[in-house]
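Report on the structure given below.
Within every chain, numbering begins at 1; the chains are lettered A, B, ... in the order of the sequence lines, protein sequences first and strands thereafter.
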Protein chains: 2
Amino acid sequence: MTDRDDESPPHALLENTPSALVLKVGVFLHLTAPEIEALDALDTREFGLAKGQDLAVEGDDIRSTYVVIEGWLGRYRMLEDGRRQIISFALPGDILNLDGALVTDYVYSVMALTDTVVCAVAAEAVIEVTQEHPRLGAAISWMGARERTLLAEQIVRVGRRSAYERVAHLILELLYRLHLVHEAEKRSYELPLTQEVLGDSLGLSLVHVNRTLRRLRKEGLVRLEGNSLSIDDVDRLAEIAEFDPAYLRHEHIPDAAEKAINDPT
Amino acid sequence: MTDRDDESPPHALLENTPSALVLKVGVFLHLTAPEIEALDALDTREFGLAKGQDLAVEGDDIRSTYVVIEGWLGRYRMLEDGRRQIISFALPGDILNLDGALVTDYVYSVMALTDTVVCAVAAEAVIEVTQEHPRLGAAISWMGARERTLLAEQIVRVGRRSAYERVAHLILELLYRLHLVHEAEKRSYELPLTQEVLGDSLGLSLVHVNRTLRRLRKEGLVRLEGNSLSIDDVDRLAEIAEFDPAYLRHEHIPDAAEKAINDPT
DNA sequence: GTCCCGCCTTGACCTGTGTTAAGGTATTGA
DNA sequence: TCAATACCTTAACACAGGTCAAGGCGGGAC
């Protein structure tokens, strides 16, 4: 399928599968020993999905949280006549269905957009852990907030930007997000998405995505060979897209918040 | 301005201002006495905003959470050339900036779309409370999850629905949301939004919103007199919009989750 | 009263993006 | 070797929705 499997770089953050959750949460918060222990004690199950397979479909009542170990997934909604809207992408290191136990059933579906490996954790167990380790609860709220920011940005992208701006903006968002998990070079990365998938994310038709990419190529802004995307002029692209990475910079809980978490009055 | 002030129904859920937060959270979770006490002990400050005033603007570093007591607000983003995208509406009873302490600064602005009254709570204090009362932390995660669902729905609306469907869909979403806080009749409610605001939410131009509303009126689906919106045929409208209220039905934390919260192993 | 301003309404025209259709090039598998 | 499949590419045409322009109405401010 894609050739990610062979050549993807080692997962700096995710090498030790059983503690994927620890590693992920640890990015946000300095974990204490008991916290790490509690997370490690969670029952996890790692498994793979082939490209095109659904992790969950609308209406499912699956109470699991997933950490993406490898590959890309997409949350999407199908309309009756076949239109599809991809709501968000989940990249390696992302967490899907973070508060699975809090949501009665899937309102969306989740599909593997490439061959993927995910790690499942029982969602109820996650909640229980937060009851004994409230700092972890705060970390989860924090991740949820970050996800909301991504969704808001997607709304702006799809609602008020032109096709040209949308594509440019998404390309940059992915660059920055992949950087955070060491899956991108300075200005290039593997983009394992078909133009149809891009269109369904950006609210555009396949054909128009193609036209738009052609334009970006002609203007010397990006190069795209196979799945390899490289950006020739990041600054100009950012200007076109009015892209400000501020919304992606939240790698760690702000100090003030961590202080509040650590010294409850 | 709008005439909401005079005729809006009594706020069943929100009469006692100082404990707006208690009432709000209480909708999701059966609160214990100490929890209620802790929430009530939070420093709150109630104040009003005139229509058009910003509660916060992009770049602000305001560490407050707000409960909307009365009126409508909108989170939005401006693009440099004046385009505006409204990301979400906050209705009476909604909470804005729930995890304020977790976000370094506003990436969006929030504007009062009508005259409003909000109640501010120091965001750090909210986090501190969750550290001592983890069940409240779970409630917050839960509210965050619900907000994400609304955002996802907005993405589908704007990304893949036609103008006609978008307007119909939003009208129904607002009906259901207002129902939850007793601000709507069975099939009608006060819609204090200009067509420009509707357009900025739906990713449409003012003119096209007008055209679309005209069409909905002509087809006998809705009536709109002043700010009073009434839906003549809810079922047909729902069919047109492919509207399924499932995503709004989360008034209370699911049993399984509440159980997990109450009996951590 | 009357001027102004915010908002709604409508028409005419334009354009960005969708649709349809056709062909190209890898890759896979029999 | 040859289909079959999945994806990309391009062109021609159609249309949903944007833009521009003009006017109407109602309520405040003076």
[Y]/[X] salt bridge by N-O under 4.0 Å criterion:
| X | Y | result |
| --- | --- | --- |
| A:Glu153 | B:Arg77 | yes |
| A:Arg84 | A:Asp200 | yes |
| A:Arg75 | A:Glu147 | yes |
| A:Arg83 | B:Glu165 | yes |
| A:Glu173 | A:Arg157 | yes |

Note: contacts of residues 210-217 of chain A with DNA chain C (heavy atom, under 4.0 Å) are A:Arg211
Per the under-4.0 Å heavy-atom filter, residues of residues 151-164 of chain B near DNA chain C come out as none
Heavy atoms only, 4.0 Å cut-off, all strands: where does [X] land among base, sugar-phosphate and nothing?
| X | result |
| --- | --- |
| B:Leu204 | sugar-phosphate |
| B:Gly226 | nothing |
| A:Gly203 | sugar-phosphate |
| B:Thr194 | sugar-phosphate |

inquiry  = Distance alone, cut at 3.5 Å: any donor-acceptor contact between the side chains of B:Asn210 and B:Gln195?
reply    = yes
Contacts satisfying ring-ring contact (aromatic ring centres under 6.0 Å, His included) that involve residues 146-171 of chain A (not counting sequence neighbours) are A:His169-A:Phe243
Item to complete: For C:dT9, take OP1 and OP2 only and decide whether either is under 4.0 Å from a side-chain N or O of B:Gln195.
Response: yes
Closest non-hydrogen atoms of A:Ala112 and A:Ala50, given as atom of the first, atom of the second and distance, are CB-O, 3.6 Å
